[in-house]
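Notes to accompany the following structure.
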Amino acid sequence: MKHRLAGAFLLASSLLATPALADGLYDNVNGMTLDEDGKLIRFTGILIDRDGKVSKLLGRKDKRPRELDWREDGDGRTLMPGFIDAHGHVMGLGFQQLTLDLSATTSLEEAQAAIAAYAQKFPDRQWIIGRGWNQESWGLGRFPTAAELDAIVPGRPVWLERVDGHAGWANSAAMSVAGITGKTKSPAGGRIEMQDGKPSGVFVDNASSLIQQFVPVPRPGERDLALAEAQALLLSKGVTATADMGVTIEDWQSYRRAGDAGWLNMHVAAYAAGVDQMVLIAGPKPTPWLYDDKLKLAGVKLYLDGALGSRGAWLKQPYADAPGETGLPMLGSAELRNLMSRAAMDGFQTAVHAIGDAANAEVIGAVDELAETYKGDRRWRIEHVQIVDPVDLPKLGEHGIISSMQPVHQTSDRTMAEARLGPQRLDGAYAWRSILDQGGMLAFGSDYPVESPDPFAGFAAAISRTGTDGQPFGGWRPQDAVSRTQALAAFTTAAAYAQFAEDVIGSLTPGHRADFILIDRDIMLASPTEIRATQLLETWVNGKPAYRAK
């Protein structure tokens with residue numbers, strides 16, 4: 001692992017060798033960005049100052065400076081702002097690269113084969129750890145069981161998180177280590193799946209902690225390696241900034257080590273994993289930007305409900321495919337308000353996970369109450385906002401609420417959402433355009449590693465509401481597709497605004513950080529299929545190259 005870690009750090013630092021702290025020009029490009037009014041502006045050259053900020057945009061007829069420290073020729077390629085992923089999990093993405101990844105499996109049998117191969121490859125690992133399984137994409141029609149893991153790995157504990165992180169799958173050895181029996185009670189906000197009076201092996205939402213607390217904790221070096229892996233992957237996709245949702249003090253220390261050593265090469269706005277972690281990391285108030293605007297603790301992430309896939313999303317009416325279930329609220333009404341208030345009183349931004357329509361209504365109601373006490377520019381965030389009762393949609397435009405949404409969730413979840421909700425309850429599902437039309441604000445991301453961090457897939461889904469196969473024809477509920485300019489804003493200027501960073505990143509107008517990507521096509525003109533096939537050539541952060549395609 002030491003060799004791999006050293007290699008990752010060397011790669012990260014070598015990309016920044018040149019140019020550094022110099023006035024330069026990236027010329028001969030098909031440049032585009034949004035200005036502060038949301039208008040698309042075009043340019044052919046971008047001047048960058050010694051601080052890594054944009055100093056001027058040049059048109060075709062503008063005279064170029066003669067005295068420069070460096071000059072790059074874009075050969076007419078498209079240059080645009082780096083994408084900002086408004087909702088991701090950096091360490092989760094990194095550890096996905098280092099542990100067992102089941103996200104590509106299409107059947108239970110394929111997953112079992114992958115688990116068996118992994119266990120054979122790493123015979124000395126105390127636990128088999130991974131994530132990415134999805135019973136829906138397997139066509140299983142049910143959750144997997146411990147017995148189906150026992151048949152593959154009977155002796156060592158196995159713990160595998162579902163693709164959305166809202167359920168875990170354990171074998172009998174793991175449940176034995178955790179002391180789980182038929183008498184174990186489900187905790188508040190969680191559910192132990194049962195089969196014939198015994199735990200089946202799947203633990204939903206807060207019940208996952210019953211197993212997770214016994215899983216070996218990553219060492220600092222392993223966290224640093226996960227961070228390096230995640231950063232390299234994000235930069236290779238054109239993501240120059242991200243909101244990291246659910247950061248612990250251990251994660252924060254890894255970021256600080258990276259910043260101190262000079263290999264933190266992107267912008268990270270961290271949201272602490274609960275109020276306790278918020279206080280541990282930042283103390284009495286949010287941190288300022290550190291390391292040349294690379295890192296800050298912006299706020300706190302709270303969970304109100306689970307996910308649709310595990311039927312943990314909190315709904316106003318029972319699930320259409322499980323009439324006795326309405327999901328799992330993880331916080332009581334008073335507890336939610338107390339936690340939001342505790343953060344707001346010290347100036348921390350709150351970002352609340354809410355997927356079901358009951359959960360979204362609850363957060364909207366909490367914001368409505370708290371806004372009377374906590375005045376000013378709070379930028380209350382709701383993460384995911386997947387299912388909203390149409391009566392609540394206009395309320396998302398009140399009090400400056402930001403709907404932090406992930407377009408690829410709509411294409412991934414479409415058939416599942418139809419099954420979970422039924423055709424009569426889809427009017428407020430993944431309703432991006434409706435939110436904008438009724439005065440709300442959008443910030444787009446991917447929710448990696450639940451989905452791929454590829455922003456071009458998200459951009460294509462946002463403007464078409466079709467999947468990678470181009471289906472359904474004409475788009476799923478196409479009235480909620482957004483325009484290309486709206487999609488670009490949600491992935492750049494609005495995503496920056498969502499983390500109080502609109503003066504720092506998101507636009508290539510003068511004074512902003514020179515974060516940009518060079519690509520092989522103009523996504524404002526290409527078809528959704530062509531957008532998904534975009535080739536990333538270069539990624540620059542703070543006016544310096546952070547990734548170049550080989």
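Basis for what follows: all heavy atoms, side chains included, without hydrogens, waters or symmetry-related copies.
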Side-chain donor/acceptor pairs under 3.5 Å, residues 420-429, sequence neighbours excluded:
unit_1: R420; atom_1: NE; unit_2: L308; atom_2: O; d: 2.9
unit_1: R420; atom_1: NH1; unit_2: D321; atom_2: OD2; d: 2.6
unit_1: R420; atom_1: NH2; unit_2: E136; atom_2: OE2; d: 2.7
unit_1: R420; atom_1: NH2; unit_2: G309; atom_2: O; d: 3.0
unit_1: R425; atom_1: NH1; unit_2: P318; atom_2: O; d: 2.7
unit_1: R425; atom_1: NH2; unit_2: Q317; atom_2: O; d: 2.9
unit_1: D427; atom_1: OD1; unit_2: R477; atom_2: NH2; d: 2.7

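To the nearest 0.5 Å, the span separating NZ on K316 from CD1 on I387 amounts to 12.5 Å. The CD atom of E451 sits 7.5 Å away from the OG atom of S446 when rounded to the nearest 0.5 Å. For the atom pair CG (L233) and CD (E229), the distance works out to 8.5 Å, reported to the nearest 0.5 Å. The CD1 atom of I180 sits 8.0 Å away from atom CE of M175, with the distance rounded to the nearest 0.5 Å. Note that CG of L108 is 10.5 Å distant from CG of L102, once rounded to the nearest 0.5 Å. For the atom pair CD of Q112 and CD1 of I152, the computed distance is 4.5 Å after rounding to the nearest 0.5 Å.
Between D244 and V90 the shortest heavy-atom distance is OD1-N, 3.1 Å. For the residue pair G506 and T492, the shortest heavy atom distance occurs at O-CB, 3.3 Å. What you find for A170 and L149 is that their closest heavy atoms are C-CD1, 3.5 Å. Minimum heavy-atom separation, Y118 to T99: OH-CA, 3.5 Å. Minimum interatomic distance between P144 and W133 (heavy atoms only, all atoms of both residues): CD-CZ3, 3.6 Å. Residue S464 comes nearest to A481 through the heavy atom pair N-CB, 4.5 Å, listed as atom of the first residue, atom of the second, then distance.
A donor-acceptor pair is defined here as one N or O able to donate and one able to accept, closer than 3.5 Å; such a pair exists between the side chain of K296 and the backbone of Q499. With hydrogens and angles ignored, the 3.5 Å screen pairs no side-chain donor or acceptor of N265 with any backbone N or O of A546. Not one N or O on the side chain of R381 forms a donor-acceptor pair closer than 3.5 Å with the backbone of S404. The backbone N or O of R219 sits less than 3.5 Å from a side-chain atom of E222, completing a donor-acceptor pair. One N or O on the side chain of S200 and one on the backbone of E193 form a donor-acceptor pair closer than 3.5 Å. Between the side chain of R484 and the backbone N or O of I523 there is at least one donor-acceptor pair closer than 3.5 Å. Remark: the backbone N or O of P187 is not paired with any side-chain donor or acceptor of N206 at under 3.5 angstrom. Side-chain N or O atoms of N171 include one that pairs as donor or acceptor with a backbone N or O of V158 at under 3.5 Å. With Q96 contributing its side chain and S103 its backbone, the two residues share no donor-acceptor pair below 3.5 Å. Checking side-chain atoms of Y319 against main-chain N and O of A313 turns up a donor-acceptor pair under 3.5 Å.
The closest side-chain heavy-atom distance from K237 to F83 is not below 4.5 Å. In this structure, the side chains of P455 and V239 come closer than 4.5 Å at one or more pairs of heavy atoms. Under the 4.5 Å side-chain criterion, counting only non-hydrogen atoms from C-beta, I115 is in contact with L160. Between D480 and Y430 the shortest side-chain heavy-atom distance does not fall below 4.5 Å. Residues T184 and T181 form a side-chain contact, since some pair of their non-hydrogen atoms from C-beta on lies under 4.5 Å apart. Proximity of V268 to K294: side-chain heavy atoms (C-beta onward) are nowhere separated by under 4.5 Å. Under the 4.5 Å side-chain criterion, counting only non-hydrogen atoms from C-beta, W159 is in contact with S208. Looking only at side-chain heavy atoms (C-beta outward), T466 and R532 come within less than 4.5 Å of each other.
Residues satisfying the ring pair (Phe, Tyr, Trp, His ring centres under 6.0 Å) test with F143, not counting sequence neighbours, are none. Listed by chain and residue number, nothing satisfies the ring pair (Phe, Tyr, Trp, His ring centres under 6.0 Å) test with Y271 (two or more places apart in sequence, or in another chain). Scored by the salt bridge (charged side-chain N to carboxylate O under 4.0 Å, His left out) test, R223 finds D251 as partners (sequence neighbours excluded).
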I would like to know whether T240 and I505 meet side-chain contact (heavy atoms from CB on, under 4.5 Å); could you show each step before the answer?
-> CA-CA 9 Å; T240 56; I505 57 177; over 6 Å; no
Go through the steps for V541 and H267 under the test side-chain contact (heavy atoms from CB on, under 4.5 Å), then give the verdict.
-> CA-CA 8 Å; V541 178; H267 307 277; 3.7 Å; yes
Could you please spell out the steps behind the side-chain contact (heavy atoms from CB on, under 4.5 Å) verdict for F456 and I519?
-> CA-CA 11 Å; F456 299 104; I519 55 179; 3.8 Å; yes
Might you work through the salt bridge (charged side-chain N to carboxylate O under 4.0 Å, His left out) test for R142 and E148, ending with a clear yes or no?
-> CA-CA 13 Å; R142 59 172 175 81; E148 288 160 336; 2.6 Å; yes
Do T145 and Q195 pass the side-chain hydrogen bond (donor to acceptor under 3.5 Å, both in side chains) test, and can you show the C-alpha distance, the side-chain angles, and the key distance before you say yes or no?
-> CA-CA 9 Å; T145 66; Q195 185 179 56; 5.2 Å; no
Check against side-chain contact (heavy atoms from CB on, under 4.5 Å), V408 and S452 | CA-CA 9 Å; V408 284; S452 165; over 6 Å; no
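Checked options E383, Q386, H384; the residue passing with Q406 is H384 (criterion: side-chain hydrogen bond (donor to acceptor under 3.5 Å, both in side chains)). Y448 pairs with exactly one of T242, D85, D454 by the side-chain hydrogen bond (donor to acceptor under 3.5 Å, both in side chains) rule, that one being T242.
In this structure, F459 has its ring center at least 6.0 angstrom away from the ring center of F444.
Residue pairs meeting the salt bridge (Lys or Arg N to Asp or Glu O under 4.0 Å) criterion with at least one member in residues 94-111: none, sequence neighbours excluded. Within the structure, ring pair (Phe, Tyr, Trp, His ring centres under 6.0 Å) contacts touching residues 88-110 (residues at least two apart or in different chains) are H87-H89.
A donor-acceptor pair shorter than 3.5 Å can be found between the side chains of T105 and W138. W169 and Q135 share no donor-acceptor pair across their side chains, judged by distance under 3.5 Å alone.
Taking the six-membered ring where tryptophan is involved, the planes of W252 and Y255 are perpendicular, since the angle between them exceeds 60° and thus also 30°. Ring pair Y303/H353 is tilted by interplanar angle, where 30° to 60° counts as tilted.
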